[in-house]
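Numbers for residues simply follow the sequence, beginning at 1.
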Amino acid sequence: MKTPSRILVTEPIPEKVLGVLKQTGDVSIGEKGQFQEKGALEQVIESYDALLTMLSVPVSTSVIQRAKKLKIIANFAVGYNNIDVDSARAAGIKVANTPDVLTEACADFTIGLLIATTRSFIQAESALRNGAFKGWEPLGFLGMDLNGKKLGIFGMGRIGKAVAKRAQVFGLSVLYHNRSRLAPEEEKALNVEYVDNLETLASRSDILSIHCPLTPETTHRVNAEILSLLPSHACLINTSRGPIVDEEALANALHQGIIGSAGLDVYELEPHIHPKLLTAPNCTLLPHIASATHETREAIGMLAANAIRQVLSGVPDHRIPNLIRP
């Protein structure tokens with residue numbers, strides 16, 4: 001009798017997804033945060049045929065070198081910079097991510113975070129809960145009107161485009177910078193204006209929202225220089241990847257009043273938050289929840305689980321849409 005494949009899921013995921021995996025092989029489930037610890041994955045990976053992991057779990061060269069049976073690594077995320085893809089390919093291990101399924105939830109969330117930040121929702125609610133609400137006042141928690149303002153989008157992929165569509169409902173005009181300019185007909189359909197560098201985009205934006213991928217080129221791309229180019233009332237929103245923003249520079253910009261506010265859902269060294277951000281004024285900090293809807297998290301998991309099922313079943317690569325291609 002053939003020995004069942006062994007599948008490691010690094011922490012709990014939706015039950016429906018686990019059901020698919022359990023039909024494919026024997027499933028082991030880690031505890032939340034268990035495999036974020038350095039060396040934890042290295043100690044167990046040797047006996048597994050498939051790995052479903054989180055963006056917060058490093059799948060390094062040393063992990064891959066110990067993965068004697070591993071056939072596929074499926075990331076529960078669109079991003080995959082936590083995985084040493086080159087080492088995996090060299091070892092004959094396939095890598096999958098979960099594109100497309102997060103777009104609508106993340107775009108909705110970005111607009112929500114934008115409004116919550118520019119109108120100080122969290123600070124106002126906290127004041128009320130702490131007994132500071134003494135009645136309506138003309139100068140209480142004054143924020144920014146969105147109508148007539150300019151939203152700069154850094155990274156016009158699927159999520160950036162979805163944010164652009166939603167933003168215009170609130171009367172925002174949309175500028176964007178992307179490594180590749182959209183076709184003229186798509187710019188017209190989206191009603192967006194291209195800006196050829198991030199510096200100019202920052203200088204022209206009342207709100208700058210980050211939606212580019214994390215690469216060596218975009219790491220700390222939003223730095224002290226870019227922040228200094230934003231208008232003093234401007235709001236920075238990051239729902240993409242934490243390391244794109246230099247958090248030290250952002251915290252200083254907020255404390256010094258160089259920019260007006262910031263809303264963050266992602267961080268450079270998750271789950272650790274820069275201590276200066278925790279005390280920064282006009283800063284909305286949320287715990288990486290942009291894709292946190294029941295429907296979206298289940299869809300993410302199903303895409304990853306199906307890639308594992310297909311690889312372990314011998315389905316040809318060209319029939320598995322979410323494999324990372326060379």
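Using a cutoff of 4.0 Å between basic side-chain nitrogens and carboxylate oxygens, K161 and E186 are scored as salt-bridged. Between R297 and E15 there is no salt bridge, since no side-chain N of the basic residue sits under 4.0 Å from a carboxylate O of the acidic one. Between R66 and E42 there is a salt bridge, since at least one side-chain N of the basic residue sits less than 4.0 Å from a carboxylate O of the acidic one. A salt bridge links E125 and R129; the closest N-O separation between the charged side-chain nitrogens and carboxylate oxygens is under 4.0 Å. Salt-bridge formation is detected for the pair E298/K16: a Lys NZ or Arg NE/NH1/NH2 atom is positioned less than 4.0 Å from an Asp or Glu carboxylate oxygen. Salt-bridge check for R166 with E104: passed, with a basic side-chain N closer than 4.0 Å to an acidic carboxylate O. In this structure, K69 pairs ionically with D49, as a charged nitrogen and a carboxylate oxygen lie closer than 4.0 Å. A salt bridge between K150 and E193 is absent, with no side-chain N of the basic residue lying under 4.0 Å from a carboxylate O of the acidic one.
A distance-only check finds a donor-acceptor pair linking the side chain of S205 to the backbone of L201 [under 3.5 Å]. Side-chain atoms of N282 come within 3.5 Å of backbone atoms of G260 as a donor-acceptor pair (strictly under, hydrogens ignored). The closest donor-acceptor contact from the side chain of T218 to the backbone of R221 lies at 3.5 Å or more, if one exists at all. Of the possible polar contacts, one joining the E247 side chain to the E268 backbone as a donor-acceptor pair under 3.5 Å is found. Listed for the D246 side chain is a donor-acceptor partner under 3.5 Å among the backbone atoms of E248. Formation of a donor-acceptor pair under 3.5 Å by the R241 side chain with backbone atoms of N81 is not found in this model. Looking only at distances, no side-chain donor or acceptor of D206 sits under 3.5 Å from a matching main-chain atom of K149.
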Which is it for Y176 and E187 under the side chain to side chain contact (heavy atoms under 4.5 Å, CB included) test, yes or no, and what are the steps along the way? CA-CA 10 Å; Y176 80 97; E187 286 186 352; 2.6 Å; yes
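With values rounded to the nearest 0.5 angstrom, I210 atom CD1 is found 6.0 Å from I244 atom CD1. From N178, atom CG reaches atom NE2 of H211 across 11.5 Å, with rounding to the nearest 0.5 Å. Note that CG of L8 and CZ of F35 are 5.0 Å apart. Values are rounded to the nearest 0.5 Å.
Enclosure of atom CD in E37 is not indicated, since only 12 or fewer non-hydrogen atoms of other residues, nucleotides or ligands lie within 6.0 angstrom.
Each of L52, I7, I29 was checked for a side-chain contact (heavy atoms from CB on, under 4.5 Å) with L18, and the lone residue meeting it is I29.
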